[in-house]
Amino acid sequence: MTSSPAEGSLHVRFAVEQGRFSRVSITNDRPLRASAVLAGRPAADLPRLVSQLFSVCRIAQGVASLGAVEQALCIAVDPVQQMARDALMTGEMLIDHATRACLDWTGMTGQPPAIAPLRRIRRALADLPSVLFPDGDWTRPGGGRLCPDMSVLGPRLAEAVEAFGDILPADPGAMTPPPGDPGLAGCLADYIRSRELEGFGAFAVKPMPDLPSDRLMDRFEQDDGLFPERPDWDGDHPLTGPLARRWEDGAVHAVCRDHGAGLMAHLVASTREMADGLALLGALPDLAGLPPVEGGRKDGGLGIGVVEAVRGRLIHRVGIRDGVVTHLDIVAPTEWNFHPQGPLVSGLTGAPSGADPLARIRLLVSALDPCVAVRISPL
Amino acid sequence: MCVAVPSQVISVEGDRATVECFGVRREVSLMLMEEAVTPGDYLIIQSGAFAVERVPVEQARESLAYFAEALADAGDDSLSEGDLPRGGRRDGAR
């Protein structure tokens with residue numbers, strides 16, 4: 001995956017001995033301090049800018065920033081606004097899963113990109129923010145003008161559900177994609193089974209625990225500010241993302257019991273999340289809420305915003321003084337999963353390398369974070 | 001960090017385009033685009049090779065100015081004044 005200099009990339013290097021990955025190292029030249037340039041901007045403008053600049057998961061980034069700014073300024077948000085933000089994040093999560101299935105899964109299994117379903121899904125869901133917030137002000141601290149056009153939303157969701165039929169198992173009750181299932185998830189499952197890679201990348205994984213705001217605030221102050229670059233939690237390097245979120249799901253649990261938390265568990269977690277996301281949007285209640293909150297009770301302070309982006313836990317910490325941003329720190333899911341002692345390194349080290357080690361590494365990288373640019377080479 | 005930097009379209013041929021961002025050129029697919037693309041447009045690229053969104057010019061310039069500043073802060077000497085788009089210096093204070 002090519003990236004521009006400003007986007008940066010990860011470099012995974014590996015050594016193979018006696019048919020197994022004996023050493024794996026990761027270097028990271030992603031612009032982890034890019035958020036520093038937002039210091040000096042009006043706090044009220046921060047979520048919009050964050051959403052614009054950190055646009056790989058623009059909705060999740062914007063909502064995390066909103067949470068941090070609103071906490072710092074003591075702005076209480078109407079629960080219906082929060083429900084609308086959750087719906088926007090679900091729409092983004094569905095598009096990201098679909099992108100991964102239609103572009104990455106197909107490439108791994110030797111198929112051409114599945115452009116048609118992905119275009120339909122994007123057409124149905126990409127402008128969900130303007131359907132729910134017609135003034136385009138969903139990044140406004142305190143909430144935007146929430147006025148969903150349900151006559152547009154219903155047909156869009158029906159279109160998305162139909163298009164996801166090309167990805168998800170034909171039997172919606174299937175716990176895992178059954179052999180021979182024609183959907184893209186089924187094709188990847190067959191590919192994994194045919195190479196006996198169901199458990200590839202499994203390790204003694206811990207899913208990401210709850211991260212209380214007060215402890216996060218302390219954590220940011222430790223390690224000379226290295227937390228955003230090399231995060232750990234009580235010395236652990238937990239997994240974050242769909243598999244961690246679906247840890248207690250019966251289907252995921254069954255796969256983990258049989259094969260460990262490897263490639264098949266990642267796949268099943270993603271398919272379950274897609275199906276549940278569609279159901280959640282389909283059951284969206286009337287989102288007409290209270291008017292947006294005007295201003296906060298304070299004009300400065302520290303705030304933490306935590307959300308689940310599709311790739312995992314996303315944390316923002318913002319400092320505000322006199323309504324102006326003094327600093328912004330972002331801990332992205334990538335830095336947890338690709339920590340030098342984290343899930344990718346632990347999952348690969350000691351695993352069988354097979355005839356094509358690069359292909360195996362790409363499979364696990366894609367399962368953990370399909371959006372990040374990664375170079376892979378031997379040590 | 002999870003940034004997607006707007007890339008400027010240099011040329012279009014069928015459903016493919018050559019785009020440039022901070023001096024790096026790459027060829028991308030336009031198959032996911034819902035709207036027509038012409039040289040000079042700014043696009044967001046995902047999965048390394050697929051344009052997914054056209055960005056208004058002013059917004060693209062604002063974003064590029066921030067990224068230029070972030071690169072300069074990171075000590076990337078490869079970035080020159082000429083790499084910035086016209087009007088691409090941001091005016092916000094730090």
Side-chain angles (χ1 to χ4, degrees), chain A residues 1-9 29-42 45 48-49 52-58 60-61 95-96 99-100 102-104 107 113 115-116 118-119 122-123 126-127 228 309 311 314 324-325 330-335 369-374, chain B residues 1-8 15 19-35 43-56 58-80 83-84 90-94:
Chain A
M1 188 186 295
T2 313
S3 63
S4 83
E7 290 165 343
S9 63
D29 68 2
R30 282 155 42 84
L32 300 174
R33 299 291 179 182
S35 59
V37 298
L38 293 169
R41 303 297 300 193
D45 205 24
R48 177 192 70 81
L49 277 171
Q52 178 180 316
L53 300 178
F54 301 94
S55 57
V56 172
C57 297
R58 73 166 69 245
Q61 292 279 1
I95 290 174
D96 284 349
T99 302
R100 180 178 161 212
C102 294
L103 302 184
D104 297 347
I115 298 297
L118 183 53
R119 278 190 74 156
R122 290 189 58 83
R123 201 179 299 137
D127 70 345
R311 295 170 299 144
L314 173 65
V324 173
V325 175
I330 300 177
V331 187
T334 306
E335 275 56 56
D369 192 332
C371 304
V372 68
V374 179
Chain B
M1 199 50 67
C2 314
V3 301
V5 185
S7 295
Q8 189 168 31
D15 59 7
V19 300
E20 181 169 8
C21 182
F22 289 124
V24 174
R25 289 193 178 199
R26 52 181 159 168
E27 193 175 323
V28 299
S29 169
L30 302 176
M31 293 173 78
L32 292 175
M33 292 294 296
E34 292 292 335
E35 52 198 332
L43 304 176
I44 294 294
I45 313 299
Q46 284 196 356
S47 296
F50 288 87
V52 294
E53 181 186 346
R54 189 166 65 183
V55 183
E58 285 310 310
Q59 182 179 317
R61 287 177 175 166
E62 181 186 35
S63 297
L64 286 165
Y66 275 99
F67 291 124
E69 189 173 336
L71 279 172
D73 285 354
D76 190 329
D77 297 330
S78 65
L79 183 71
S80 70
D83 292 323
L84 277 175
R90 82 171 178 94
D91 54 6
R94 284 197 61 201

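Protein chains get the first letters and strands the later ones, always in sequence-line order, with residue 1 at the start of each.
The part of A:P113 that comes within reach of chain B is its side chain, from C-beta onward, which places non-hydrogen atoms under 4.5 angstrom from that chain. Using a 4.5 Å cut-off between heavy atoms, A:L103 touches chain B through its side chain atoms alone. For A:R58, the part sitting under 4.5 Å from any heavy atom of chain B is the side chain, from C-beta outward, and nothing else.
Put simply, CG on A:L118 and CE on B:M31 are 10.5 Å apart, with the number rounded to the nearest 0.5 Å. Separation of atoms CZ (A:R122) and CD (B:Q46) is listed at 6.0 Å; rounding is to 0.5 Å.
Heavy-atom minimum distance, A:S55 versus B:I44: OG-CD1, 4.1 Å.
Between A:R41 and B:E69 there is no salt bridge, since none of the side-chain N atoms of the basic residue sits less than 4.0 Å from a carboxylate O of the acidic one.
Proximity of A:Q52 to B:V55: side-chain heavy atoms (C-beta onward) are nowhere separated by under 4.5 Å. B:Y66 places a side-chain heavy atom less than 4.5 Å from the side chain of A:L38.
Options A:V325, A:I115, A:T334 differ in how many heavy-atom pairs under 4.5 Å they form with chain B, and the most are formed by A:I115.
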